[in-house]
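Below is one structure; the comments refer to it alone.
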Amino acid sequence: MRFDVLTLFPEIFSGYLTQSLLKLAIDRSLVSIHTHNIRDWAHNKHKSVDDKPYGGGPGMLMMQGPNIEAVEAVQKLETTPGRVVMLTPQGRPLDQRLVEELAGHSRLLLLCGRYEGFDQRVNDILEPEEVSLGDFIINGGEVAAMVVIDAVIRLVPGVLGDEDSGRFDSFSTGNRLLEFAQYTRPREFRGLDVPEVLLSGDHQQIARWREQSSRERTAKRRPDLLTDA
Ligand code: JEE
């Protein structure tokens, strides 16, 4: 799967790209990630990519020209243009269903904004899939793009060492409950014991306990997940 990231700050991605799981996937050619600086498509000698909003108001907007031309040029680097994803606070909130949809594309272009967002004509012309991380404001699309990449690559076959553990994730298709409580050694820590059933070796009982743990947690913390199912 190929990702192209369009951003004014490609450096933000370098530490993430050299992270072990992703690096291994890139080395094994399962995933490729290409960053592009939108400023390379600026029109004037000042390399402007932002301008004041018509109608007034605080802050600046990403200009339509450099952004649209950057996306169109990057699409032409490959035979398949790819699906354009724009990170924006107005987008569809990211959840595992959307992650699964995005993972169904062989190529994604992630358009990252800064300032107070984009001139509306970027949306009107590119018709991107608009994606949001949720109802809070962050300073730009880059961190959101990394979140999208990080969630999507878990679903690329072979990226997780253990072939398909991503398919059993909490929130994946057919499992939209919260994860059950988990424990590792030692059996007792500061007076807190590991539940006896997990030490029993009885796999049927363990499965039942985990199912129960998932339901209890979900009912208590995220009842919305039970009604959506
Ligand atoms: C992309 C710029 C910052 C946008 C103005 C704020 C006025 C700052 N879940 C998510 N939250 N935020 C983003 C996101 C933020 C971005 C960009 C994504 C590009 N910014 C920014 C707008 C404003 N508005 C709300 O009140 C009205 C200020 C995001 C995602 N994905």
Side-chain angles (χ1 to χ4, degrees), residues 1-17 19 22 31 33-43 46-75 82-105 107-155 170-171 222 224-225 228:
M1 176 159 194
R2 172 171 173 139
F3 298 88
D4 290 271
V5 182
L6 296 93
T7 169
L8 292 174
F9 299 102
E11 331 76 75
I12 293 179
F13 291 83
S14 54
Y16 172 61
L17 295 176
Q19 165 242 140
L22 182 52
V31 171
I33 305 186
H34 305 262
T35 57
H36 311 274
N37 195 330
I38 296 164
R39 203 172 292 281
D40 293 346
W41 283 270
H43 293 175
H46 310 289
K47 298 265 174 217
S48 308
V49 290
D50 62 316
D51 205 345
K52 301 185 298 275
Y54 277 117
M60 301 289 271
L61 294 175
M62 299 280 283
M63 295 163 62
Q64 62 310 109
N67 280 286
I68 293 170
E69 287 157 27
V71 167
E72 288 172 344
V74 168
Q75 285 187 305
R83 183 78 179 102
V84 181
V85 174
M86 177 194 272
L87 293 313
T88 141
Q90 291 82 41
R92 173 171 160 198
L94 188 67
D95 62 9
Q96 195 65 22
R97 189 164 303 169
L98 179 50
V99 170
E100 286 165 12
E101 280 178 36
L102 295 174
H105 297 272
R107 186 180 185 202
L108 293 177
L109 278 71
L110 301 162
L111 180 57
C112 304
R114 280 272 150 175
Y115 315 111
E116 315 272 305
F118 296 90
D119 181 305
Q120 177 59 33
R121 291 163 294 188
V122 177
N123 305 258
D124 296 344
I125 289 169
L126 296 176
E127 300 186 353
E129 178 83 69
E130 291 183 49
V131 173
S132 164
L133 289 190
D135 295 338
F136 48 86
I137 301 296
I138 58 178
N139 287 321
E142 287 78 11
V143 170
M146 277 189 265
V147 169
V148 169
I149 294 169
D150 218 61
V152 167
I153 60 166
R154 291 179 63 77
L155 303 182
S170 193
F171 306 122
R222 294 292 308 278
D224 58 302
L225 294 177
D228 290 354

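This is a predicted model, so every value here is computed, not measured. Just so you know, ligand 1 is whichever comes first in the structure, and atom 1 is the first atom listed for that ligand.
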Do [X] and [Y] come within less than 4.5 Å of each other through their side chains, counting heavy atoms only?
X: V5; Y: I33; result: yes
X: L126; Y: L111; result: yes
X: V99; Y: F171; result: no
X: D50; Y: L8; result: no

* To do: May I ask you to identify the nearest protein heavy atom to atom 21 (C) of ligand 1, giving residue, atom name and distance to one decimal place in Å?
  => Y115 O, 3.3 Å
* Asked: Does D135 have a non-hydrogen atom less than 4.0 Å from ligand 1?
  -> no
* To do: Please state whether P89 comes within less than 4.0 angstrom of ligand 1, counting heavy atoms only.
  => yes
Identify, by atom number and element, the atoms of ligand 1 in contact range of [X], meaning under 4.0 Å from any of its heavy atoms.
X: N139; result: 3 (C), 20 (N)
X: L87; result: 1 (C), 18 (C), 31 (N)
X: G141; result: 1 (C), 17 (C)
X: G113; result: 19 (C)
X: F136; result: 9 (N), 10 (C), 11 (N), 12 (N)
X: V131; result: 31 (N)

For [atom], is the nearest protein heavy atom closer than 4.0 Å?
atom: atom 24 (N) of ligand 1; value: no
atom: atom 27 (C) of ligand 1; value: no
atom: atom 7 (C) of ligand 1; value: no

Backbone or side-chain N or O of [X] under 3.5 Å from ligand 1 N or O:
X: I138; value: yes
X: L133; value: yes
X: G134; value: yes
X: S132; value: yes
X: A144; value: no

How long is the gap from [atom1] on [X] to [atom2] on [Y], to the nearest 0.5 Å?
X: T7; Y: N37; atom1: OG1; atom2: CG; answer: 7.0 Å
X: I38; Y: K47; atom1: CD1; atom2: NZ; answer: 13.5 Å
X: M1; Y: L102; atom1: CE; atom2: CG; answer: 7.0 Å

* Shortest non-hydrogen contact from P128 to V122? -> CD-O, 4.4 Å
* If only atom types and distance count, is the side chain of R92 paired as donor or acceptor with the main-chain N or O of E129 below 3.5 Å? -> no
* Closest by any non-hydrogen atom to atom 4 (C) of ligand 1: pick that one out of E116, Q90, E142. => E116
* Contact partition for M62 relative to ligand 1, non-hydrogen atoms under 4.0 Å -> neither
* Using a strict 4.0 Å threshold on nitrogen-to-oxygen distance, state whether D119 and R121 make a salt bridge. => yes
* R83 with E101: basic N within carboxylate O range, under 4.0 Å -> no
* D150/Q19 under side chain to side chain contact (heavy atoms under 4.5 Å, CB included): CA gap, chis, key distance, verdict -> CA-CA 11 Å; D150 218 61; Q19 165 242 140; 4.1 Å; yes
